[in-house]
Amino acid sequence: VQLQASGGGLVQTGGSLRLSCAASGSIFSVNDMGWYRQAPGKQRELVAGIISSGDTDYADSVKGRCTISGDFAANTVDLQMNSLKTEDTGVYYCHARIRRTRWSNLPGYDYWGQGTQVTVSS
């Protein structure tokens with residue numbers, strides 16, 4: 001199983017970016033997907049997550065500015081980020097909990113994408 005992330009880049013304060021991630025490989029089902037970020041010198045933190053029922057969760061710092069969407073049939077997840085701030089700078093990682101077979105334990109095993117850099121300049 002691989003998670004391939006794309007869409008990072010350099011943007012000015014107030015700008016927008018859209019991150020995309022696709023899971024591929026031997027997948028029976030995806031329980032949930034999300035985006036984490038890690039700023040320099042800080043721990044990795046959840047930005048937004050979505051489960052197969054459609055329920056979503058956001059970090060307080062991005063509520064109202066970011067929207068996560070997922071397609072659990074296609075095993076993809078996107079993160080639309082608007083009104084970006086310098087504090088949004090970091091490496092963004094796609095995450096998914098995936099069952100590779102019907103006999104895999106719920107909610108599945110953790111998989112991570114390679115990370116994509118988001119830099120917001122003032």
_The test is side chain to side chain contact (heavy atoms under 4.5 Å, CB included); show your working for D57 and L46 and say whether it passes._
CA-CA 9 Å; D57 189 26; L46 175 69; 3.9 Å; yes
*Test salt bridge (charged side-chain N to carboxylate O under 4.0 Å, His left out) applied to K63 and D60, step by step*: CA-CA 5 Å; K63 283 180 181 177; D60 288 342; 3.1 Å; yes
*Begin from the C-alpha positions of L84 and L17 and carry the test side chain to side chain contact (heavy atoms under 4.5 Å, CB included) through to its verdict.*
CA-CA 8 Å; L84 284 163; L17 280 175; 4.1 Å; yes
*Passes side chain to side chain contact (heavy atoms under 4.5 Å, CB included), Y109 versus R100? Steps please.*
CA-CA 8 Å; Y109 295 98; R100 296 186 62 183; 5.6 Å; no
*Apply side chain to side chain contact (heavy atoms under 4.5 Å, CB included) to the pair L106 and R99, showing each step before the final yes or no.*
CA-CA 7 Å; L106 287 167; R99 298 173 69 201; 3.3 Å; yes
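The nearest pair of heavy atoms linking C66 to M81 is SG-CG, 3.6 Å. For the pair V30 and F72, the tightest heavy-atom approach, listed with the atom from each and the gap, is O-CD2, 3.4 Å. Across all their heavy atoms, D88 and R65 have their closest contact at OD2-NH1, 2.8 Å. In this structure, A23 and I98 approach most closely via the heavy-atom pair CB-CD1, 4.2 Å. Of all the heavy atoms in L3 and C94, the pair that sits closest is CD1-O, 3.7 Å. Between Y92 and V47, the closest heavy-atom pair is CE2-CG2, 4.0 Å.
For the atom pair CD (E87) and CZ (R37), the distance works out to 8.0 Å, reported to the nearest 0.5 Å. A distance of 6.5 Å separates NE2 of H95 from CG of D32, quoted to the nearest 0.5 Å. In this structure, CG in L19 is found 8.0 Å from OG in S6, a value given to the nearest 0.5 Å. Rounding to the nearest 0.5 Å places CD1 of I50 at 13.0 Å from CH2 of W35. Distance check: Q114 CD to Q4 CD gives 4.5 Å after rounding to the nearest 0.5 Å. Rounding to the nearest 0.5 Å gives a distance of 9.5 Å between CE of M33 and CG of D71.
Contact of the T89 side chain with the V118 side chain is not registered, since no non-hydrogen atoms from C-beta on lie closer than 4.5 Å.
Atom CD of Q2 is surrounded by 12 or fewer heavy atoms from other residues, nucleotides or ligands within 6.0 Å. Taking a 6.0 Å sphere around CD of E45, one finds it holds more than 12 heavy atoms contributed by other residues, nucleotides or ligands.
A distance-only check finds no donor-acceptor pair linking the side chain of S16 to the backbone of N82 [under 3.5 Å]. Between the side chain of T119 and the main chain of L10, no donor-acceptor pair closer than 3.5 Å is present. Not a single donor-acceptor pair under 3.5 Å links the side chain of T76 to the backbone N or O of C21. A distance-only check finds a donor-acceptor pair linking the side chain of Y58 to the backbone of I68 [under 3.5 Å].
Between the side chains of S104 and T101, at least one donor N or O lies within less than 3.5 Å of an accepting N or O.
For R97 and Y111, the positive end is not near the middle of the six-membered ring at less than 6.0 Å and at most 45° from its axis.
The aromatic rings of Y36 and W112 stand perpendicular to each other, their planes meeting at an angle above 60°, with 30° marking the opposite boundary.
One hydrophobic cluster, built from ILVMFWY side chains closer than 4.5 Å, cannot hold both V91 and L79; they sit in different ones.
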